[in-house]
Structures are given as C-alpha cells and as structure tokens.
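The block underneath contains the structure these notes are about, expressed in structure tokens.
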Amino acid sequence: MRPFDEDALSAASGFSLAEREAVYHAIMTRRDVRSQFLPDPLPDDVVERLLTAAHHAPSVGFMQPWNFILVKSAEVRTRVRDAFARANEEAALMFEGERRQAYRSLKLEGIVEAPLGICVTCDPTRSGSVVLGRTHNPRMDAYSTVCAIQNLWLAARAEGVGIGWVSIFREGDLKTILGIPHHVEVVAWLCAGFVDRLYDEPELSVKGWRQRLPLEELVFHDGWGRSER
Ligand SMILES: Cc1cc2c(cc1C)N(C[C@H](O)[C@H](O)[C@H](O)COP(=O)(O)O)c1[nH]c(=O)[nH]c(=O)c1N2
C-alpha cells in the first residue's frame, strides 16, 4: 500500500504541504463578488496572468473554444448594465410572492463598479465540425469554456482580484453591444476588480436565499440514489 506520510505525499505530488493548503485555500475562499469592488484599474500583468490561467484549462479535444473580450470602457459597461437591468426585471417576475421581493432585494451584478468586464465566449467552430470528445454531446465546448472561467476565478482569488459572474442577460443584447458573431456563444460576463474583503460564505447564503447542501446527500455509490458504500 502507498504510504501517506507528508514526505511521500510531497514527493508524489510535487506540492509541499503549504502549497497543497494554498490550493484548497483558494478554492474554499473564492467568492462571487457583486459590490465590494475597488475602483483601481487592474494592472496589465495581473490581467495577463488571469487570462493565462484561463487558457491553461482543459478543453474537449483541446479545442480551446474560448475568447476573452476585455471591456474597460465605462460607456460600454453602462450599456451592458442596462441590458442586465432589463433582463433582471423579467427575471424578478418569474418568482412569486415573497420570493420575488427577496429576489429584488439582492444585488446580482457589479458591472459598472468593477473596473474591468470580461466577456467569455465559446466558438463551437474553433476546430472544425467534428471534435474529439464532443461527438456525442455538443455542450462539451461550453463546458470547456466554464473550466477556463473557473481557472481564472481561482487565480483571481490568489491575486486579490474579485470576480462576479453575471448571467442575467438576453444573449442577443450582449452580442449586439459587443459585436459578437452569430455563431459564437456568450458564456459569461465577469466583473473583475481588486477587493479588500470578501464574504466568508456565499452571499446568497448569508442573505438567506439558499444554503449549501450537505455533501453526503449528493454522493452516491455504484448507482443513482445509493448512499450505502
Ligand atoms: C454559471 C453561473 C452563473 C452565475 C453565477 C455563478 C455561476 C457558476 N453567479 C454566482 C453564484 O450566485 C455564486 O457562485 C453562488 O451563489 C455561490 O457563491 P460563491 O461563488 O461561493 O460566493 C451569479 N451571481 C450573481 O449575482 N448574478 C448572476 O447572474 C450569477 N450568475
């Protein structure tokens, strides 16, 4: 049996204990940011590192279907915020009663406050029509793009940069504002900016919208619904 003492683990993984802890620290303390953005612009080298982290994500057939549209223009971000506001009003009406009131009380974006917007897109044509690994599920290219976003999000946590994912848009509005071609899918609008504090727990949890589920209820063994090992 493989020994699990500290030296053996470090030798096997190439990560010291402190490095392993740093990985988990980034994962556990990453937060979605809506309102704590500082106005300072992000230095180019920081943005470059975040995009490099994103670009090293796994992707189906190594197709790397992503693009990153960097939006510093306050005028463009204001148009994007207006598109959010229209969609958010539609979204509120999809909830009933007290839940609608609760929804309306939530701040769900920091598009204008964050100094940088990053629109992440997925080009399904990036490596031809038949893609290794996408042959039986066309969504795999979008899933790959989400992997890139998560890499960026975790790298941002380590850089002191807050990220807020905004998805409450009519996709056509974003495409029109940013000139995105018809065949390219919008996967995310990310608000990015330095932060000096983060919630300890998800803001939606702190504000009573929804709580984290117990992990053990989500893990099955040897088939759907089987909880015994
Ligand atoms: C695909 C997708 C889309 C969205 C989000 C996330 C993801 C993965 N989240 C953020 C989401 O609410 C948040 O991740 C959870 O509430 C958990 O909180 P932490 O990310 O752990 O802080 C999000 N948040 C928000 O305020 N407005 C939004 O439109 C969205 N959209």
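Atoms considered below: every heavy atom in the structure, side chains included; atoms not considered: hydrogens, waters and symmetry mates. Note that the structure is predicted; figures quoted are calculated from it, not measured. Counting starts at 1 for both ligands and their atoms, in listed order.
- The protein atom (non-hydrogen) at minimum distance from atom 4 (C) of ligand 1 is S167 OG, 3.6 Å.
- Considering only non-hydrogen protein atoms, atom 14 (O) of ligand 1 sits nearest to D32 CB, 4.0 Å.
- Judged by distance alone, with hydrogens and angles left aside, the side-chain atoms of E109 form a donor-acceptor pair with the main-chain N or O of I111 at under 3.5 Å.
- In this structure, K175 does not pair ionically with E185, as no charged nitrogen and carboxylate oxygen lie closer than 4.0 Å.
- For the pair P202 and ligand 1, the shortest N or O to N or O distance does not fall below 3.5 Å.
- Under the side chain to side chain contact (heavy atoms under 4.5 Å, CB included) test applied with R126, the options V184, D141, V131, N67 reduce to a single match, N67.
- Using a cutoff of 4.0 Å between basic side-chain nitrogens and carboxylate oxygens, E203 and K207 are scored as salt-bridged.
- Proximity to I168 (heavy-atom distance under 4.0 Å) selects the following atoms of ligand 1: 29 (O).
- Looking at atom 27 (N) of ligand 1, its nearest protein heavy atom turns out to be L108 O, 3.0 Å.
- Atom 20 (O) of ligand 1 has as its closest protein heavy atom R30 NH1, 2.8 Å.
- Looking only at atom types and distance, the side chain of R157 has a donor-acceptor partner in the side chain of T29 under 3.5 Å away.
- Taking a cut-off of under 4.0 Å to the non-hydrogen atoms of L204, the atoms of ligand 1 that pass are 12 (O), 16 (O).
- At the shortest separation from atom 28 (C) of ligand 1 among protein heavy atoms lies W165 O, 3.1 Å.
- Side-chain polar atoms of D123 and H183 form a donor-acceptor pair below 3.5 angstrom.
- Residue E203 places no N or O, backbone or side chain, under 3.5 Å from any N or O of ligand 1.
- The shortest N or O to N or O distance between R31 and ligand 1 is below 3.5 Å.
- Heavy-atom contacts of V166 reach the following atoms of ligand 1: 28 (C), 29 (O) (cutoff under 4.0 Å).
- Using a 4.0 Å threshold on non-hydrogen atoms, atom 25 (C) of ligand 1 counts as touching the protein.
- Classification of the W153-W165 ring pair by plane angle, with boundaries at 30° and 60°, yields tilted.
- Counted by atom type alone, D32 and Y199 present zero donor-acceptor pairs between their side chains at under 3.5 Å.
- Any N or O atom pair closer than 3.5 Å counts here, and R34 shares at least one such pair with ligand 1.
- Backbone and side-chain nitrogen or oxygen atoms of R212 are examined, and none is located within less than 3.5 angstrom of a nitrogen or oxygen of ligand 1.
- Taking F62 as the reference, nothing meets the ring-ring contact (aromatic ring centres under 6.0 Å, His included) condition, with sequence neighbours excluded.
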